[in-house]
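These numbers were taken from a predicted model, which means no experiment stands behind them.
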Amino acid sequence: QPQVVESGGGSAQAGGSLRLSCTASGFTLNYRGVGWFRQAPGKEREGVACISSTGGFSDYSESVKGRFTISRDNAKKTVYLEMNNLRSEDTAVYYCAAVISLTCPMEPYTYDVWGQGTQVTVSS
C-alpha cells in the first residue's frame, strides 16, 4: 500500500529550529505534489506548505512564510520541512500528505495518502 512516514518532530524553544522528513513508499512520489499540514487541539487542520512534483513550485501559509522551507529529494523519495524561528503557535501535530497532481493545492481534502503525524512542541 502507498504510505508516507513523518519523522523529526520533537520539542524546541521559541526561536529554535526543527527539520521534519517525509519518506514515501509504495508509490511513485516524483509524479505527485506533497504538502505539510498541521492540526492543533481545537483547531482545523491547515495547510502549512506544499511543493510540486519537481520542486519547481512551492507555497506557504501566511503564518509560516519566511520561516519554513519545503524541499524534496525525489531520488530519496523524501520531502523535508525546515522550520526556523519557531513560535509557540507552531505547536501542533504535523502531517505529510501526497496529492494526485503534479502541482500542490493547500486544501487537505485533495490529498489521498497521509502519514500518521509527528508532534512538534514549541516552548516559549
Side-chain angles (χ1 to χ4, degrees):
Q1 283 191 338
Q3 67 175 63
V4 293
V5 178
E6 304 96 336
S7 63
S11 299
Q13 294 289 319
S17 299
L18 288 171
R19 188 179 75 161
L20 306 183
S21 298
C22 170
T23 300
S25 63
F27 68 101
T28 304
L29 186 68
N30 59 319
Y31 288 112
R32 287 174 173 261
V34 175
W36 285 96
F37 301 83
R38 68 186 182 188
Q39 188 166 22
K43 299 184 67 176
E44 296 290 328
R45 187 170 298 187
E46 64 174 342
V48 176
C50 69
I51 188 166
S52 63
S53 62
T54 65
F57 170 83
S58 60
D59 198 12
Y60 300 89
S61 68
E62 190 66 29
S63 64
V64 309
K65 195 170 298 181
R67 300 187 298 119
F68 292 9
T69 302
I70 189 170
S71 61
R72 66 189 296 161
D73 185 339
N74 285 341
K76 296 181 178 179
K77 303 191 71 174
T78 300
V79 175
Y80 305 95
L81 184 67
E82 180 72 30
M83 304 185 294
N84 298 312
N85 194 23
L86 285 163
R87 305 167 180 168
S88 60
E89 54 262 41
D90 294 319
T91 296
V93 177
Y94 283 71
Y95 299 89
C96 174
V99 66
I100 306 175
S101 174
L102 297 179
T103 187
C104 61
M106 289 280 281
E107 297 294 336
Y109 68 86
T110 64
Y111 289 74
D112 66 318
V113 181
W114 288 84
Q116 292 182 321
T118 185
Q119 177 71 46
V120 171
T121 302
V122 183
S123 301
S124 60

How long is the span from the [atom1] atom in [X] to the [atom2] atom in [Y], to the nearest 0.5 Å?
{"X": "Thr118", "Y": "Leu81", "atom1": "OG1", "atom2": "CG", "result": "11.0 Å"}
{"X": "Leu102", "Y": "Asn30", "atom1": "CG", "atom2": "CG", "result": "9.5 Å"}
{"X": "Tyr31", "Y": "Ile100", "atom1": "OH", "atom2": "CD1", "result": "15.0 Å"}
{"X": "Asn85", "Y": "Phe68", "atom1": "CG", "atom2": "CZ", "result": "9.0 Å"}
{"X": "Gln3", "Y": "Cys22", "atom1": "CD", "atom2": "SG", "result": "10.5 Å"}

Would a hydrophobic clustering, with Ile, Leu, Val, Met, Phe, Trp and Tyr connected at side-chain separations under 4.5 Å, put [X] with [Y]?
{"X": "Val48", "Y": "Val93", "answer": "no"}
{"X": "Tyr80", "Y": "Met83", "answer": "no"}
{"X": "Tyr94", "Y": "Val113", "answer": "yes"}

Any side-chain donor near an acceptor of the partner, [X] and [Y], under 3.5 Å:
{"X": "Ser101", "Y": "Thr103", "value": "no"}
{"X": "Ser17", "Y": "Asn84", "value": "yes"}
{"X": "Ser63", "Y": "Arg38", "value": "yes"}

Taking all heavy atoms of [X] and all of [Y], pick out the closest pair and write down the distance.
{"X": "Ala24", "Y": "Val4", "value": "CB-CG1, 3.9 Å"}
{"X": "Val64", "Y": "Asp90", "value": "CG1-OD1, 4.5 Å"}
{"X": "Leu18", "Y": "Leu86", "value": "N-CD1, 3.9 Å"}
{"X": "Ile51", "Y": "Cys104", "value": "N-SG, 3.2 Å"}

Check: [Y] main-chain N/O paired with [X] side-chain donor or acceptor under 3.5 Å:
{"X": "Glu6", "Y": "Gln116", "answer": "yes"}
{"X": "Thr78", "Y": "Lys76", "answer": "yes"}
{"X": "Arg19", "Y": "Gly8", "answer": "no"}
{"X": "Tyr111", "Y": "Met106", "answer": "no"}
{"X": "Lys77", "Y": "Phe27", "answer": "yes"}
{"X": "Asn74", "Y": "Ser53", "answer": "yes"}
{"X": "Thr91", "Y": "Val122", "answer": "yes"}
{"X": "Arg72", "Y": "Gly33", "answer": "no"}

[X] side chain near [Y] side chain, heavy-atom distance below 4.5 Å:
{"X": "Leu29", "Y": "Val79", "answer": "yes"}
{"X": "Arg45", "Y": "Tyr95", "answer": "yes"}
{"X": "Ser7", "Y": "Thr23", "answer": "no"}

Are there over 12 heavy-atom neighbours, none belonging to Lys43, within less than 6.0 Å of that residue's NZ?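 Count not over threshold, so no.
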
Quick one: sort the Phe37 and Trp114 rings into parallel, tilted or perpendicular, breaks at 30° and 60°.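 Judged by the thresholds at 30° and 60°, the geometry between Phe37 and Trp114 is tilted.
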
